[in-house]
Enquirer: 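Right, I'll just put the structure down here and ask away after.
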Amino acid sequence: MKALLYIVVKGNEQTVQHIQEILRSRIQSVSFSPCREQASLKDCIEMNATFSIEQDEVDALLQFLDNDWDGEKDDCTCYGFNTKPFDPSIYFMRFECSN
């Protein structure tokens, strides 16, 4: 399956590089879009990560990324201010996957 992970990070480009390193260590063949300032949030940067994932790997990845997702596991979101993401600089994530 193809997966898209949209991430909003509180911080600067060094913070984004740190997040990307963590994701590279966990997800094989992950690609990142260029990061850019998030237009509606102060001091936040947004990016997309794309990768392939097997259906039986989705639950483990979601548990690693955050402890509390809203929505179905193929289309879900979480906010870092009221959940426990894999890094405290995560403000928001959206995960989508499809065949």
Enquirer: For residues 11-20, which side-chain N or O atoms pair as donor and acceptor with protein atoms under 3.5 Å away, sequence neighbours left out?
Expert:
residue, atom, partner, partner atom, Å
N12, OD1, Q14, N, 3.0
N12, OD1, T15, N, 3.0
N12, OD1, T15, OG1, 3.2
T15, OG1, N12, N, 3.4
H18, NE2, D87, OD2, 3.1

Enquirer: I need the C78 SG to I90 CD1 distance, nearest 0.5 Å.
Expert: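 Separation between the atoms: 8.0 Å.
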Enquirer: Are any side-chain N or O atoms of E57 and backbone N or O atoms of E54, one a donor and one an acceptor, separated by less than 3.5 Å?
Expert: yes
Enquirer: State which residues pass salt bridge (Lys or Arg N to Asp or Glu O under 4.0 Å) with K73; sequence neighbours excluded, sorted by chain then number.
Expert: D59
Enquirer: Hey, could you give me each pair passing side-chain hydrogen bond (donor to acceptor under 3.5 Å, both in side chains) that has a residue in residues 21-30? Not counting sequence neighbours.
Expert: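 Pairs touching residues 21-30 that pass the test: none.
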Enquirer: Given side-chain contact (heavy atoms from CB on, under 4.5 Å), test F32 with L23 step by step and report yes or no.
Expert: CA-CA 10 Å; F32 297 99; L23 292 174; 3.9 Å; yes
Enquirer: As a quick check of understanding, evaluate side chain to side chain donor-acceptor pair (under 3.5 Å) for D70 and T77, giving each step before the final call.
Expert: CA-CA 5 Å; D70 292 325; T77 60; 4.7 Å; no
Enquirer: Do any N or O atoms from the side chain of Q38 and from the backbone of L41 form a donor-acceptor pair under 3.5 angstrom?
Expert: yes
Enquirer: Are I53 and I22 in one and the same hydrophobic cluster, where Ile, Leu, Val, Met, Phe, Trp and Tyr link if side-chain heavy atoms are under 4.5 Å apart?
Expert: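 Shared cluster, yes.
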Enquirer: Is there a chain of hydrophobic side chains (I, L, V, M, F, W, Y, each step under 4.5 Å between heavy atoms) that links I45 to M47?
Expert: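 Hydrophobic grouping puts I45 with M47.
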Enquirer: Out of curiosity, D66 CG to F86 CZ, how far, rounded to the nearest 0.5 Å?
Expert: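 D66 atom CG to F86 atom CZ measures 9.5 Å (nearest 0.5 Å).
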Enquirer: Just jot down the ring-ring contact (aromatic ring centres under 6.0 Å, His included) partners of Y79, sequence neighbours excluded, or say none.
Expert: F81, F92
Enquirer: Could you go through the side-chain contact (heavy atoms from CB on, under 4.5 Å) check for F95 and L62 one step at a time?
Expert: CA-CA 8 Å; F95 176 80; L62 290 176; 3.7 Å; yes
Enquirer: Could you tell me which residues satisfy side chain to side chain donor-acceptor pair (under 3.5 Å) with Y6, sequence neighbours excluded, listed by chain and number?
Expert: E46
Enquirer: Distance check, rounded to the nearest 0.5 Å: N48 atom CG versus I7 atom CD1?
Expert: 8.0 Å
Enquirer: Report yes or no: does D43 contribute a side-chain atom to a donor-acceptor pair with the main-chain N or O of K10 at less than 3.5 Å?
Expert: no
Enquirer: Can you tell me how far OG of S98 sits from CE of M1, rounded to the nearest 0.5 angstrom?
Expert: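 Nearest 0.5 Å value for the CE-OG distance: 8.0 Å.
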Enquirer: Quick one: CG on L61 to CG on L5, what's the gap to the nearest 0.5 Å?
Expert: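 Atom-to-atom, L61:CG and L5:CG are 7.5 Å apart.
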Enquirer: Side chains of L65 and M93: closer than 4.5 Å at any heavy-atom pair?
Expert: yes
Enquirer: For E96, which residues count as a salt bridge (Lys or Arg N to Asp or Glu O under 4.0 Å) partner, sequence neighbours excluded?
Expert: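 Per chain and number, E96 pairs via salt bridge (Lys or Arg N to Asp or Glu O under 4.0 Å) with R94.
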Enquirer: Enter the distance from F51:CZ to I27:CD1 here, rounded to the nearest 0.5 Å.
Expert: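 Atom-to-atom, F51:CZ and I27:CD1 are 4.0 Å apart.
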